[in-house]
> 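Encoded as structure tokens, here's the structure I'll be asking about.
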Amino acid sequence: MTEGTTSAAAEGADTLTRLEQEGEIAADYLEGLLDIADLDGDIDMDVEADRAAVSIISDSGGRDLQKLVGRDGEVLEALQELTRLAVHRETGDRSRLMLDIAGYRAKKRAELSELGAKAAAEVRNTGESVKLKPMTPFERKVVHDAVKAAGLRSESEGEEPQRFVVVLPA
């Protein structure tokens, strides 16, 4: 191994360790939250796409956990930000942690990937750009990835909270 390869491997291991630490801090914070709210849920931690990913899952169908998702994921978004702040407080570093509750984000990701693929197909068929409805940053990222996978490109336009994706012809 060359020195550059060795340091790159060490840097990757350091990044993984840091993300695992973020997940541990987030899990502790969320377990405390679940205890306070008297809700049952198991915490699952992973590292996905250079981010700590934490999920709260339930064996009992997750009806109680839906309270933590809220309408259109609003409570989930707020809890994600609070969890990121808890991680920041402990580490001093900004966190890009992703939180999922009762599979809401995973389901939303699948729906948005399908939306991006359909929009790309429409653009390919008509040759006209397609503007989608306003979305959160997470939602826009998933759509951008789906459009890119379909071989087209997209841009975000507008100002928050009315920012939206435009799928462009090739």
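We count residues from 1, following the sequence as given.
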> Taking only residues at least two apart or on different chains, which pairs with a member in residues 26-40 satisfy side-chain hydrogen bond (donor to acceptor under 3.5 Å, both in side chains)?
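Qualifying pairs, neighbours excluded: none.
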> Go through the steps for V47 and T15 under the test side chain to side chain contact (heavy atoms under 4.5 Å, CB included), then give the verdict.
CA-CA 10 Å; V47 174; T15 299; over 6 Å; no
> In Å, rounded to the nearest 0.5 Å, how long is the span from CD of Q21 to CG of D93?
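Separation between the atoms: 8.5 Å.
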> Using only atom types and a distance under 3.5 Å, with no angle test, would you say the side chain of R140 pairs donor to acceptor with the backbone of V165?
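No, the answer is negative, given that no donor and acceptor are paired below the 3.5 Å cut-off.
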> Between the side chains of E20 and R18, is the shortest nitrogen-to-carboxylate-oxygen separation below 4.0 Å, so that they form an ion pair?
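No, this pair does not count.
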> What's the spacing between K108 NZ and M135 CE if we round to 0.5 Å?
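Taking NZ in K108 and CE in M135, the distance rounds to 8.5 Å.
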> Begin with the C-alpha distance, continue with both residues' side-chain angles, and end with the deciding distance and a verdict on side chain to side chain contact (heavy atoms under 4.5 Å, CB included) for D100 and I57.
CA-CA 8 Å; D100 192 6; I57 53 178; over 6 Å; no
> Would you say K131 and F164 make side-chain contact, with heavy atoms under 4.5 Å?
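Yes, their side chains come closer than 4.5 Å.
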> Give the minimum heavy-atom separation between S95 and V87, together with the two atoms involved.
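In terms of heavy atoms, the two residues are closest at CB-CG1, 3.9 Å.
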> How close do A117 and A146 get, heavy atom to heavy atom, and via which atoms?
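Scanning both residues completely, I find the closest heavy atoms to be N-CB, 4.2 Å.
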> If the threshold is 4.0 Å, N to carboxylate O, is there a salt bridge linking R51 and E48?
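The answer is no: the pair does not qualify as a salt bridge.
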> State plainly whether the residues E157 and R163 are in salt-bridge range, i.e. N to O under 4.0 Å.
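Answer for the salt bridge query: no.
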> Any side-chain heavy atom of P161 sitting closer than 4.5 Å to one from P134?
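No, their side chains stay 4.5 Å or more apart.
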> May I ask you to say whether R109 pairs ionically with E114, meaning some side-chain N is under 4.0 Å from a carboxylate O?
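Salt bridge between R109 and E114, a charged N being under 4.0 Å from a carboxylate O: no.
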> Could you check if a side-chain atom of T136 sits within less than 4.5 angstrom of a side-chain atom of E139, using non-hydrogen atoms only?
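When only atoms from C-beta onward are counted, E139 and T136 do touch, with a gap below 4.5 Å.
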> Can you find a heavy atom in the side chain of V75 that is under 4.5 Å from one in the side chain of K67?
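Not in contact.
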> Looking at side-chain heavy atoms only, is the closest gap between D42 and I56 below 4.5 Å?
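No - every pair of side-chain heavy atoms lies 4.5 Å or more apart.
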> Near E159 CD, under 6.0 Å, is it more than 12 heavy atoms from other residues, nucleotides or ligands?
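For E159, atom CD is not crowded (no more than 12 foreign heavy atoms under 6.0 Å).
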> Locate the shortest heavy-atom distance separating I43 from A27; write the atom from each residue and the value.
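Residues I43 and A27, closest heavy atoms: CG2-CB, 3.6 Å.
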> Let me see the working for L132 and V166 under side chain to side chain contact (heavy atoms under 4.5 Å, CB included), right down to the final yes or no.
CA-CA 6 Å; L132 301 175; V166 179; over 6 Å; no
> By the definition side chain to side chain contact (heavy atoms under 4.5 Å, CB included), identify the one residue from L19, V54, I25 that meets it with L97.
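So, applying the side chain to side chain contact (heavy atoms under 4.5 Å, CB included) to L97 and each of L19, V54, I25, only V54 qualifies.
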> Output every pair passing side-chain hydrogen bond (donor to acceptor under 3.5 Å, both in side chains) with a member in residues 81-91, not counting sequence neighbours, ordered by first then second residue.
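Matches after skipping sequence neighbours: E81-R84.
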> Begin from the C-alpha positions of R105 and E77 and carry the test salt bridge (charged side-chain N to carboxylate O under 4.0 Å, His left out) through to its verdict.
CA-CA 10 Å; R105 238 187 247 284; E77 290 290 335; 3.1 Å; yes
> Are any non-hydrogen side-chain atoms of R153 and V147 less than 4.5 angstrom apart?
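Answer no - side chains too far apart.
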> Let me see the working for R94 and E22 under salt bridge (charged side-chain N to carboxylate O under 4.0 Å, His left out), right down to the final yes or no.
CA-CA 10 Å; R94 181 178 172 273; E22 281 187 20; over 6 Å; no
> Distance check, rounded to the nearest 0.5 Å: S55 atom OG versus I101 atom CD1?
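Spacing of OG (S55) from CD1 (I101) equals 9.0 Å.
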> Minimum heavy-atom separation for S129 and L168, please, with both atom names.
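Nearest pair, atom of S129 first, then L168: CB-CD2, 4.1 Å.
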> Could you tell me which non-hydrogen atom of V167 sits nearest to which non-hydrogen atom of A119, and how far apart they are?
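That closest heavy-atom pairing would be CG2-CB, 3.9 Å.
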> Identify whether the distance between the nearest side-chain nitrogen and carboxylate oxygen of E122 and K118 falls below 4.0 Å.
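No salt bridge links E122 with K118.
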> To the nearest 0.5 Å, tell me how far F138 CZ sits from L76 CG.
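So the CZ of F138 and the CG of L76 are separated by 8.5 Å.
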> Can you see which heavy atom on S113 is nearest to which on V142, and at what distance?
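Here S113 and V142 meet closest at OG-CG1, 3.6 Å.
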> How long is the gap from CG on L33 to CG on L68, to the nearest 0.5 Å?
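L33 atom CG to L68 atom CG measures 6.0 Å (nearest 0.5 Å).
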